[in-house]
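To start, I am sharing the structure in question, which I have written as structure tokens.
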Protein chains: 2
Amino acid sequence: MEAPEVTETTPELACPIAPIVDIVFSRWTTPILWSLNEYGRQRFVELHRRIATITPKVLTQRLRQLERDGLITRTYHAEVPPRVEYEISELGRSLGPMFATLAEWSPNLAKVADARAHYDDRSRSSAR
Amino acid sequence: MEAPEVTETTPELACPIAPIVDIVFSRWTTPILWSLNEYGRQRFVELHRRIATITPKVLTQRLRQLERDGLITRTYHAEVPPRVEYEISELGRSLGPMFATLAEWSPNLAKVADARAHYDDRSRSSAR
DNA sequence: CTGAATCCAATACGATACTG
DNA sequence: CAGTATCGTATTGGATTCAG
């Protein structure tokens with residue numbers, strides 16, 4: 001579990017948004033943040049059910065990372081059985097506009113699919 | 001019987017923006033797209049110089065991927081020595097607002113740094 | 001110059017079993 | 001329930017070399 005330093009400078013001087021991408025768009029973080037932002041506070045199992053293809057181990061890792069980055073909060077209730085609730089933080093909620101802008105780009109996914117079909121087609125006929 | 005599985009089992013269904021993240025924010029794609037969008041058409045070496053920490057192999061891989069997705073165009077000039085120019089496509093240019101929204105979140109990076117410091121500090125004092 | 005080919009290391013991920 | 005521990009695998013990226 002590595003966390004790139006926020007103060008990272010050298011590699012991506014060419015791209016000022018790279019640090020944000022590392023924090024917000026690393027693997028699995030998008031579904032997690034989206035779920036918490038969309039459906040509110042949830043327990044571990046609820047998140048796991050919603051993102052069924054992730055393993056508990058990795059889900060835990062990503063949740064810890066997001067908690068450490070201050071994007072979500074973790075509340076432990078010492079009951080039997082134990083209950084843990086995750087909730088998006090205020091900082092995490094500030095990502096809303098970003099997600100909205102992303103979602104607005106969705107119609108272009110069809111163009112990507114077309115481009116891929118074209119590219120693969122031309123590659124197949126060796127027109128390069 | 002057909003019933004396409006529309007259950008919320010895949011990350012994509014739990015998070016509609018996941019496909020976009022895969023395309024736009026996979027590794028190295030952000031600096032590449034940013035450079036081409038910001039500084040215009042560039043040759044392979046220019047990109048390589050700008051993103052100095054990437055190896056030629058990986059740069060080539062990522063450029064091919066972006067070309068296949070229709071986000072950039074590749075122009076080969078059969079000269080000696082050969083000259084290849086990469087340019088952002090119209091589809092790629094449509095990512096501009098997304099990048100702008102990302103950039104606007106930059107001030108929050110300080111909060112992430114603070115959150116990390118807090119988290120690491122509390123972990124060190126075993127207050128968990 | 002623009003890559004392709006090959007080999008190698010790191011590590012992230014999945015599967016499984018187990019605990020408080 | 002909410003994880004942790006351990007192991008094995010698989011993908012990815014880096015280093016190096018070479019070619020059209």
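Here is how names work: the chains are called A, B, and so on, in the same order as the sequence lines, proteins then strands, and each is numbered from 1. Heavy-atom basis, side chains included; hydrogens, waters and symmetry copies ignored.
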Can you confirm whether A:I32 sits close enough to A:L59 that some side-chain heavy atom of one is under 4.5 Å from a side-chain heavy atom of the other? yes

Quick one: is A:R74 getting a side-chain N or O under 4.0 Å of the D:dA2 phosphate, OP1 or OP2? no

Counting C-beta onward and ignoring hydrogens, is there a side-chain heavy-atom pair between A:R41 and A:L36 closer than 4.5 Å?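 Side-chain contact under 4.5 Å: no.
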
B:Y76 side chain near D:dG20 phosphate (N/O to OP1/OP2, under 4.0 Å): no

How many whole angstroms separate atom NE2 of B:H77 from atom P of C:dT2? 10 Å

What distance separates B:E67 CD from B:Y86 OH, expressed to the nearest 0.5 Å?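 Answer for the CD-OH pair, B:E67 versus B:Y86, is 7.0 Å.
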
Side chain A:S89, main chain A:L71, donor-acceptor under 3.5 Å: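 Checked: pair present.
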
Would you kindly give the CD-to-P distance between A:Q65 and D:dG3, to the nearest whole Å?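 A:Q65 atom CD is separated from D:dG3 atom P by 16 Å.
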
Taking OP1 and OP2 of D:dT12, is either one under 4.0 Å from a side-chain nitrogen or oxygen of A:R27? no

Work out how much the helix from C:dC1-D:dG20 to C:dG20-D:dC1 bends between its end axes, five pairs an end, to the nearest 10 degrees. 50°

Are more than 12 heavy atoms from other residues, nucleotides or ligands located less than 6.0 Å from atom CD of B:E79? yes

Pairwise 5' ranking along DNA chain D for B:I54 and B:P82, keeping only the more 5' one: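 The 5'-side residue here is B:I54.
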
For the side chain of B:P81, starting at C-beta, report the closest nucleotide among C:dC1, C:dC13, D:dA15.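 The answer is C:dC1.
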
May I ask you to check whether A:Q65 and A:S26 show a side-chain donor-acceptor distance below 3.5 Å?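 Looking only at side-chain atoms, A:S26 and A:Q65 do form a donor-acceptor pair, the distance falling under 3.5 Å.
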
State whether the side chain of B:T29 and the backbone N or O of B:V24 hold a donor-acceptor pair below 3.5 Å, judged by distance alone. yes

Minimal heavy-atom distance between B:N108 and A:S94, with the atoms involved, is ND2-OG, 4.0 Å

Heavy-atom donor-acceptor pair, A:E38 side chain to A:S35 backbone, under 3.5 Å: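 Pair absent, no side-chain N/O of A:E38 close to backbone of A:S35.
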
Is there a side-chain polar atom (N or O) of A:R43 under 4.0 Å from OP1 or OP2 of D:dC1?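 No, no such contact exists.
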
Could you state the CG-P distance from B:D22 to D:dT11, rounded to the nearest angstrom?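 Answer to the nearest Å: 16 Å.
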
Just how far, in rounded Å, is P of C:dG3 from CZ of B:R62?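 Answer to the nearest Å: 15 Å.
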
May I have the distance from B:H48 (atom NE2) to C:dC1 (atom P), rounded to whole angstrom? 10 Å

Out of D:dA2, C:dG3, C:dC13, whichever nucleotide has its closest atom nearest the side chain of A:R83: D:dA2

Just the rounded figure in Å: distance from P of C:dG14 to CG of A:L59.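 These atoms are roughly 11 Å apart.
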
Could you go through nucleotides 4-9 of chain D and list every protein N or O atom that sits under 3.5 Å from one of its N or O atoms, giving the distance for each pair?
none

